[in-house]
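Just so it is clear, the values below take in all heavy atoms, side chains as well, and ignore hydrogens, waters and symmetry mates. Lettering follows sequence order; numbering is per chain, from 1.
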2 protein chains.
Amino acid sequence: MSTLPRYLQLLWGLEPTGRRGPKPGRSVAEIGAAAVAIADRAGLSAVSMKSVAEAVGFTPMSLYRYVDSKDELQAVMLDVAYGPPDLDYGNRDWRSRISLWATEIAERRLAHPWTVELTPSTPPLTPNAIAWMEAGLEALADTPLTSQQRLSAMLAVDVWGQNHVRQSTRMGLVGPVDPESPQGSYLELITELIDPDRFPHLAKAGPEGLGDDDEDFYVEEFERGLGLLLDGIEALIARAG
Amino acid sequence: MSTLPRYLQLLWGLEPTGRRGPKPGRSVAEIGAAAVAIADRAGLSAVSMKSVAEAVGFTPMSLYRYVDSKDELQAVMLDVAYGPPDLDYGNRDWRSRISLWATEIAERRLAHPWTVELTPSTPPLTPNAIAWMEAGLEALADTPLTSQQRLSAMLAVDVWGQNHVRQSTRMGLVGPVDPESPQGSYLELITELIDPDRFPHLAKAGPEGLGDDDEDFYVEEFERGLGLLLDGIEALIARAG
DNA sequence: AGCTAACTGCTTGTGAGATACACAGAAGTC
DNA sequence: GACTTCTGTGTATCTCACAAGCAGTTAGCT
């Protein structure tokens with residue numbers, strides 16, 4: 001049994017009782033929240049050990065009492081940004097359940113667009129992240145799929161949704177406009193580069209597929225893609241059931 | 001019309017003719033190849049402006065004649081790593097075509113596992129990346145889907161495949177073992193953390209779903225997930241046709 | 001009550017990395 | 001042959017993440 005990294009112990013409330021020494025001035029959650037606030041306000045690049053430390057009234061090195069590396073800090077940030085899942089599945093069917101699940105996650109991600117930009121180097125083990133995974137599996141609980149199939153299906157939905165949010169926010173379709181992204185220029189560039197003779201399919205898809213940066217393009221495309229995945233799962237269920 | 005970034009001009013061979021001054025000593029492609037070699041040998045973190053410069057016989061600052069930032073260098077690296085698509089669709093049906101497409105991309109990614117770790121901040125506009133997208137769309141060309149639907153479907157497949165490679169390499173199922181990743185410990189940690197009462201579904205899926213790190217788990221799971229997506233696309237086609 | 005071990009946050013320091021700027025020589029143009 | 005434009009270079013700055021040792025604090029033991 002390998003011992004848990006400190007930030008996980010702290011997040012899960014697993015510290016041994018009867019500790020000596022001064023009480024910690026802040027909690028990991030507070031530190032994470034401060035980092036989240038900075039990222040929300042000034043972008044991910046503004047989150048440094050120094051800036052976070054200042055925000056909580058620490059010196060940079062003090063943060064290392066709570067977190068062993070910046071990577072771990074980012075894991076905490078994700079946990080704080082997602083928050084606990086709050087889903088009422090009622091007596092919906094599985095299709096409607098994962099839809100709800102996927103939509104809710106997407107909402108949290110949209111609220112903190114930087115969440116889809118950082119790529120954790122280790123699988124998430126923080127409480128909220130775990131809780132969301134649990135909720136996703138629960139959505140598929142009454143299907144005849146094996147737990148492995150459920151896991152795969154859920155992962156597919158999750159990854160797809162994450163990517164959708166990423167693409168949408170980068171193109172400025174949704175959410176607060178990131179000042180440091182060129183957003184609009186992509187379309188200009190692509191039409192400039194794509195020679196219709198060499199890339200006929202792309203040439204057709206480019207303007208048509210990306211052209212209407214309507215407000216609700218995000219929603220339409222979300223439903224389109226999610227539907228595709230759900231149909232795939234449905235086929236899997238049909239075969240298994 | 002916004003003007004193209006230099007590295008794209010160079011990659012696409014769009015430099016204006018009749019230039020004065022000395023010829024460039026190297027090409028962007030060479031620089032990219034050097035960076036790729038370093039990443040393959042020593043990991044992504046070993047790729048710095050300095051190390052790449054040394055590899056091509058330059059000083060760090062010289063690289064900025066070819067590439068405006070490290071981000072752009074990474075875009076070049078991806079282009080070099082993917083290489084041009086070399087697919088023979090023959091007279092397969094669409095299902096078999098995208099399968100081939102997805103499999104081929106996955107192979108390239110496996111050959112350079114770091115490709116799935118870096119997240120380009122801008123959509124890919126480099127020649128090979130574009131060519132791969134074109135090939136993906138071509139695979140769906142004779143379906144009754146709109147170009148927008150084709151684009152979405154292709155993107156879904158691509159994102160899923162990328163994630164699959166990422167997960168697999170991180171868990172050490174496939175490819176060269178990254179010395180700086182803890183790999184095995186995840187399973188221990190998760191079983192240590194997941195209280196079966198609070199997270200019943202995960203508790204069941206965890207050991208069962210991730211347990212058999214067999215060699216061919218990668219392939220099985222690849223086919224499973226890809227099949228799910230293809231079934232989704234098929235449903236879409238059925239509805240559209 | 002006094003002692004001690006374990007813990008707190010702080011101070012100072014280091015090494016790496018990306019990138020700005022001004023320059024000397026090369027290769028075209030007139 | 002003079003002018004211009006582009007090449008690669010040397011030097012310097014600025015920001016980070018992170019290392020190591022320190023002084024004050026507190027819970028439990030004697």
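- Between Thr126(A) and Tyr7(A) there is a side-chain heavy-atom pair separated by less than 4.5 Å.
- Rounded to whole Å, the distance from CG on Asp71(B) to C1' on dG17(C) is 14 Å.
- Within the structure, a side-chain polar atom (N or O) of Arg19(B) is placed less than 4.0 Å from OP1 or OP2 of dT7(D).
- Atom-to-atom, CD of Glu72(B) to P of dA18(C) comes out at 14 Å; the value is rounded to the nearest Å.
- Using a 4.0 Å heavy-atom criterion, one finds that Ser48(B) contacts the sugar-phosphate atoms exclusively.
- If you measure from atom CD of Glu30(B) to atom C1' of dT7(D), you get 15 Å, rounded to the nearest angstrom.
- At a threshold of 4.5 Å between non-hydrogen side-chain atoms, the residues Tyr64(B) and Met61(B) count as touching.
- The interatomic distance linking Lys70(A) (NZ) with dT15(D) (P) rounds to 15 Å, in whole Å.
- Base contact: Tyr64(A) has a heavy atom under 4.0 Å from a base atom.
- In this structure, the side chains of Leu137(B) and Lys204(A) stay at 4.5 Å or more apart for every pair of heavy atoms.
- For the pair Arg65(A) CZ and dA20(D) P, the computed distance is 13 Å after rounding to whole Å.
- Between the side chain of Arg20(A) and the base of dG28(D), no donor-acceptor pair of N or O atoms lies under 3.5 Å.
- If you measure from atom CZ of Arg26(A) to atom P of dC10(C), you get 11 Å, rounded to the nearest angstrom.
- Residue-to-nucleotide proximity on DNA chain D shows that, of Gly57(B) and Gly21(B), the 5′-proximal contact is made by Gly21(B).
- Distances shorter than 4.0 Å separate some side-chain N or O of Lys23(A) from OP1 or OP2 on dA27(D).
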Between Asp86(B) and Arg108(B), does a salt bridge (charged side-chain N to carboxylate O under 4.0 Å, His left out) hold up when you go through it step by step? CA-CA 11 Å; Asp86(B) 176 27; Arg108(B) 316 278 176 127; 5.6 Å; no
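- Rounded to an integer number of Å, the gap from Gln9(A) CD to dC7(C) C1' is 14 Å.
- A close approach under 4.0 Å does occur between a side-chain nitrogen or oxygen of Tyr66(A) and OP1 or OP2 of dG9(C).
- Using a 4.0 Å heavy-atom criterion, one finds that Thr59(A) contacts the bases of the nucleic acid, with or without backbone contacts as well.
- No close placement of the Tyr82(A) and His112(A) rings is indicated, their centers lying 6.0 Å or farther apart.
- With rounding to whole Å, Lys50(A) atom NZ is found 18 Å from dG9(C) atom C1'.
- Contact annotation for Met61(A): base contact, defined as any heavy-atom pair under 4.0 Å involving a base atom.
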